[in-house]
Every structure is written in C-alpha cells, then in structure tokens.
S.K.: 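Would you mind keeping the following structure in view while I ask a few things?
Values below: every heavy atom of this structure, side chains too, minus hydrogens, waters and symmetry copies. Naming: A, B, ... by sequence-line order, numbering from 1 per chain.
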2 protein chains.
Amino acid sequence: MANQSQAAVERAIATRRERVNQALPEELPDTEPERLYEATRYLLEAGGKRLRPTTVLLVAESLSGVDVDPETVDYRAFPPGDGEIDIMRAAISVEVIQSFTLIHDDIMDDDDLRRGVPAVHREYDLSTAILAGDTLYSKAFEAMADTGAEPDRAIRAVGELASTCTKICEGQSLDIDFESRDAVTPDEYLEMVELKTAVLYAASASIPARLMGEPEAARSLYGYGLDVGRAFQIQDDLLDLTTPSEKLGKQRGSDLVEGKQTLVTLHARQQGVDVDGLVDTDSVEEVDEEEIEAAVDRLRESGSIEFARETAQGLVESGKANLEVLPDNEAHDRLDDIADYLIEREY
Amino acid sequence: MANQSQAAVERAIATRRERVNQALPEELPDTEPERLYEATRYLLEAGGKRLRPTTVLLVAESLSGVDVDPETVDYRAFPPGDGEIDIMRAAISVEVIQSFTLIHDDIMDDDDLRRGVPAVHREYDLSTAILAGDTLYSKAFEAMADTGAEPDRAIRAVGELASTCTKICEGQSLDIDFESRDAVTPDEYLEMVELKTAVLYAASASIPARLMGEPEAARSLYGYGLDVGRAFQIQDDLLDLTTPSEKLGKQRGSDLVEGKQTLVTLHARQQGVDVDGLVDTDSVEEVDEEEIEAAVDRLRESGSIEFARETAQGLVESGKANLEVLPDNEAHDRLDDIADYLIEREY
C-alpha cells in the first residue's frame, strides 16, 4: 500500500469516526436508570476505531453515486438531495452491537482490560455488565428499525442484523469450545472467526445496500465484509506476535502465553511444532522477551507466520473483488484501501 | 370468577400452550454448536405457563373476527382464510424474549432454581448462560422480522419489541438498585414492575394488532397488558405470602426471608411496621413456619395484604376496560377471563 493511500484511508476513517462519535450520544441518551446508561456508554466512550460504522457510511456514500464531504454531509437524511434514510443510525446500530459483544465476551473470557480501561464488569459489576450489554442489544435494534428506510428494505436490514447476532453468539461459543480442544484445524478456526468477527463486517457492508434498495449489491458486499473481516482477525493474531509491546498497548505474545489458538499456532501444530512448549511462562506479567522472540522465530521457521499472512492477503484480494458492484468513486476507493489497510496496520 | 369461567380460561391457556410447545422446536432448531442450542432450549423445555404467547394468539384470534378452533387452526397463515401472517412465530418471539430475560436475571440474582430445575448458569456455566440468553435475544428478533406481515406493520412490531426489551433492562436495573435502598415508595415499586414485567405483557397484546394493521387497537391493547402485567406481579408477591409451600413449589414467605421489597412490604413500612424485623431467619432452608404465619398476620393487620389485593383488582378492572376495542367474540371473552384469572390463581 502506497504511503499516499495509507494517509487517505487513515483520514477517511478518522473523519467518519469523528462523525460517529458526535452522533453516539444522540442514540444513547443519558437517562434513568443513570448507572445503567453510564455503563452502556462506558466502553463506547473509551475509544475504538469505528471501522464497522465507517464501512456502513462508505458503502452508503458509494451507492449514492455522488462524492460527499464526510465532514459536513447530513448522514441523517441520506442519500444527499431528497434521501430520507438515517444512515448514521444504521452505522451506530452496528457499532452498538459490537460494543455489546465486547462487554459480554470480556465477562466470559474473564478479561480485566479493554481499550486500555477496565472491562465493564470490572469497572462496574457482573450484573451491570450483563445488563449494559442487553440494553445495547435492544438499542441497536431500536435504531435499525428506525432509519426511515422503506419498510420492506428496513425489515430485511433488521432481519440481517438479527441473524448476524445469532452467528456472533455461535462463533463465541465455538471459540470457548476450542479452548478445551487440542485438535482444532485451521479450517475450523476460520469458520469460528467468520462467525465471531467477520459476519458483523459483512452486515456493516451489506445493510446500507439493503436500506438503499440494492439487494444484489448487498450480497456481494456481504462477501466483501466476510473476507476482510476474517483477514482483520488474522492480522490481529499476527500483530500479537510481531508488534513490540509498547506499540501494541499490551504484552507482545500474550496469546502464546495464554495458550490461545490462532491460525499461526494451528498451522504450526500441523507442521509438528510443539506449540504448548514454545513458552514456559503462563502469566503475562512474568513474560521473558527473549523467550517470546525465540518462539516467534520458531513459528517463522515452520512457515506458520507466512501462512497466516498469505491467508489474510488472499482474503483481502477476494474481498476487494466483491466491491465491483459499487460505482467507481472515491468512497469505493476508500473501501478498497480499508481492506489493504486492515492487514498492513501495525496496531 | 365463576368456576365455569375458570375452567374455560384454563382450557384456553392449556390448548394454546400445547400449540406453542409444538411450534417451539421449529423456531429453535437443534443445530451446531450443540451445547449452546441445548442451553437455549433448556429453560423453555422445563415448562412455563406460556401466558404471553397465549395472549398474542388470543388477540390475533379476536381481531380476525372469526371464532377459530385453537386445536386445529393454522396459526402460521393468519387470519384464517387468505391471511399470510405467521402469528405463531410472533407468539414464540415474545416467549423467547421472556426466556432470555429469565436466564440473565437468574445470573444477576444468583438464583439456583427456576421452574423446579437448576438455573441455566447452574446446569451449564456462566458463559453458556450469558450466551444462551444472547442467542435467544437475536432469535426472537429473527422471528419477529419474519412473520410475513406487511413490511410497514412488521417494522413497527420489531421496533416495539426492541423498545420493550430496553424497558425490561431498565426495570431489572431498578429492581437491583432497590435491594440496596430503604426508602422505596409503592409508586416506585409499581414503576419498576411496569418496566420489568408488565411491558412484555403489553407488547404481547399490542404486537398482534400491529402485525394485523390495527394501530389504534394496538394502543388500547398495550394498556390492557400493562395493567394486567402489573396485577400479575402483585399477585405473585401475594402468593409468596399466602399459598402453602407445597402448592407454591417453593418455601412460603421466601421473599420475606430474603428481604425482597414488594408492594405488601412497602405499604407495611409506610404504616410503621418493622418489616425487617418480621422474620429473624435469613436462610430459606431454616424457615420457621410459625414465624412466617405471624409475619403474614402482622401484614394483614396493617392492611398491607388487602392494599396489594385491591391494587391488583383495580389494575385488572382498568386493564379489562381496554379490551373494548376488540370485537365481541370468544377470544375477547378469554382475554377478559385471563385478566381475572391472573389475580385469582393460587400458584
């Protein structure tokens, strides 16, 4: 990816993230019960790249056929001109679903930190975290049912959001199961990632097309999201191994320490590497950097890092091919760039 | 309530419960991941009166204007004749929401038993219970978005289901807050019950009217559900005090032992009764029946039991008045009877 494209995509994301952040309080008002609603906003306010809502906005922009100024366009009456779809509300709906899944996942995984702050069940308590997630869940459906899109299109968008949530739960269930299984194959892992992570990217790409009455484009765009969503997760796994801790914001190699299965370790296991023996330490606090370095070298020798990188690269290419249904315009280019960006980012 | 009406309402509920139970496996298929889907079905299969889905079916029957045979009518192509609404799917949607809330509530309340079997987080584990609830949540929206009703009606039904779920979460949050507060007023209690319990009755009564294109009837029916739903909860609280343990299926007076706030105890507190001192025991296992008997006598003397009974009775009357929007037919009569039944039932 050329430096110029990288700068353009980072700007494209930053501008839309800012718009999403401005709109979020309007969709999650500060009402009673105070502590509950504070907890629903807590993780959303802690940060996040907003890649999914940005995808919603970019697809809608591209399908509108006109180049819009993302800093000033009215996303609540879309497409520009005589459009009446509140596409911002749809964008926030998927971000809110993402936030709900993170809050509940952190409980299930017993994780203490998220986005550099305590997880919701640590900052508040278990009940509040369960309930904050449940509230975000219904808020997302309230939002998606109220975009002002034509009812036949709106009901399909809601149906797609619902089936997406079901798949996310299935993916999380598989992920938990994998922890107690040795013989997970790379294909099983990719299926889990598809369900747990990629389907929400897929919905983010297809739902704006549904709302705008382009069901055929929606199908291709779903494919785009499915591929780049999987590539995104593989890149996340790679970054854990290859990015210095300072840059990563957490201990490098923590997945290895915690024995998490990733495409890299599953490939290595198939190559006969003793993955469980790579790192002796079993606490992230006591990690020996040299031990991690040696483990990563071993995974490089077995071709496992290269295998994961190539898999992600292949997914990005097949994902981008699905963008052909979009008009040739700037938003289309940025969706193309985002796919590359997801596997080239360093944190 | 005459014995004859009571028999008719019990038969009406039993027949429709049977139909709902037959249809449930079709909406919650037995698929992968096996353990997750087993957990989603576990509580639903353990029993339940199915009052909410029965309300959905009865409202649809009444609005159809024809008397149907509930044992044989095709609820999946409603109204009979040329209707195309899968009203059974809408009925199951609200029951599935009810089941999700029970699973998550039992985690938050740290309850061990539900419907005479271990709570889902006890039978399985915390993660599976959270995830089973989350899966039921999306399944309910998948179902409600796919009834075949006209899209403009369907999208309103989905929106109403979503805002109902938000209110249920708010109600549960208030209920948790109340546990650590002394000065809860009866009005605050009734507001909590409205959100936590009654709104799902209200949605069960109004959603079929929305799906069938009767928005004005929907508003009245919502009022019906809101009133009888609150009456239902007050009756539940009364039964805990007045029904023998064998009949109740759990220790009589357990709410008193656990210090739960109810309309009865809140009224008594306002009358100057030392509610916290009524029962010394603080474990349901060590309850002294005579102590419970004396406590109930004290609550009777303060007029608190009568106050709760009259409040429930008043709600049932105002609720029934809202049924006037329905045609005069058998299903209408049964909805009328159900309101009475809810406060006359003995368990």
Side-chain angles (χ1 to χ4, degrees), chain A residues 31-37 39-40 97 100-101 104-105 107-110 125-147 149-174 176-177 195, chain B residues 31-37 39-40 97 100-101 104-105 107-110 125-147 149-174 176-177 195:
Chain A
T31 179
E32 296 280 326
E34 208 176 314
R35 194 159 180 272
L36 172 63
Y37 279 103
T40 62
I97 288 290
F100 129 65
T101 64
H104 282 190
D105 282 5
I107 301 172
M108 297 183 230
D109 301 342
D110 201 17
D125 52 64
L126 175 67
S127 295
T128 306
I130 291 175
L131 215 44
D134 290 346
T135 305
L136 290 167
Y137 210 153
S138 53
K139 281 286 172 193
F141 279 95
E142 283 188 61
M144 192 60 86
D146 192 28
T147 61
E150 289 190 19
D152 60 325
R153 300 170 182 177
I155 198 75
R156 278 173 203 281
V158 167
E160 188 155 315
L161 189 68
S163 63
T164 297
C165 292
T166 302
K167 285 176 189 151
I168 295 171
C169 293
E170 292 174 354
Q172 170 69 358
S173 176
L174 289 178
I176 293 172
D177 289 351
L195 292 167
Chain B
T31 179
E32 296 280 326
E34 208 176 312
R35 193 158 181 273
L36 173 64
Y37 279 103
T40 63
I97 288 290
F100 130 66
T101 64
H104 281 190
D105 282 3
I107 301 172
M108 297 183 231
D109 301 341
D110 202 18
D125 51 65
L126 176 66
S127 295
T128 306
I130 292 175
L131 215 43
D134 291 345
T135 305
L136 290 166
Y137 211 153
S138 53
K139 281 285 171 194
F141 280 94
E142 283 189 62
M144 193 59 85
D146 192 29
T147 61
E150 290 189 19
D152 60 323
R153 300 169 182 178
I155 198 74
R156 278 174 201 280
V158 167
E160 188 155 317
L161 188 68
S163 63
T164 298
C165 291
T166 301
K167 286 175 189 154
I168 295 171
C169 293
E170 292 173 354
Q172 170 69 359
S173 176
L174 290 178
I176 293 172
D177 289 350
L195 292 167

S.K.: What residue, out of B:Ala154, B:Pro33, B:Gly133, B:Ala143, has the most heavy-atom pairs lying under 4.5 Å from chain A?
M.R.: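 Counting heavy-atom pairs under 4.5 Å, the top option is B:Pro33.
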S.K.: Output the option from B:Ser127, B:Ser173, B:Ser138, B:Gly159 having the highest count of non-hydrogen pairs under 4.5 Å with chain A.
M.R.: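 Among B:Ser127, B:Ser173, B:Ser138, B:Gly159, the one with the most close pairs to chain A is B:Ser138.
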S.K.: A:Ile107 versus chain B, heavy atoms under 4.5 Å apart: side chain, backbone, both or neither?
M.R.: side chain
S.K.: Against chain A, label B:Ile155 side chain, backbone, both or neither, depending on which of its atoms sit under 4.5 Å from a heavy atom there.
M.R.: both
S.K.: Atom CD of B:Glu32 and atom CD of A:Glu170: how far apart are they, to the nearest 0.5 Å?
M.R.: 9.5 Å
S.K.: First locate atom OG1 of A:Thr101, then atom CG of B:Leu131, and finally report the distance between them rounded to the nearest 0.5 Å.
M.R.: 11.0 Å
S.K.: List the residues meeting side chain to side chain contact (heavy atoms under 4.5 Å, CB included) with A:Thr135, not counting sequence neighbours, and say none if there are none.
M.R.: A:Leu36, A:Tyr37, A:Thr40, A:Lys139, B:Thr166, B:Cys169
S.K.: I'd like to verify something: which residue of B:Asp134, B:Ile168, B:Leu136, B:Val158 has the highest number of heavy-atom pairs under 4.5 Å with chain A?
M.R.: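 Looking at each of B:Asp134, B:Ile168, B:Leu136, B:Val158 in turn, B:Asp134 comes out on top.
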S.K.: I need the A:Thr164 OG1 to B:Phe141 CZ distance, nearest 0.5 Å.
M.R.: 14.0 Å
S.K.: Do you see a donor-acceptor pair shorter than 3.5 Å between the side chains of A:Thr128 and A:Arg35?
M.R.: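 Note: A:Thr128 and A:Arg35 side chains meet the donor-acceptor criterion.
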S.K.: Checking B:Asp152 against chain A: side chain, backbone, both or neither under 4.5 Å from a heavy atom?
M.R.: both
S.K.: I need the A:His104 NE2 to B:Ile130 CD1 distance, nearest 0.5 Å.
M.R.: 6.5 Å
S.K.: Specify which of B:Ala140, B:Pro151, B:Ala132 makes the most heavy-atom pairs with chain A at under 4.5 Å.
M.R.: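 It is B:Pro151.
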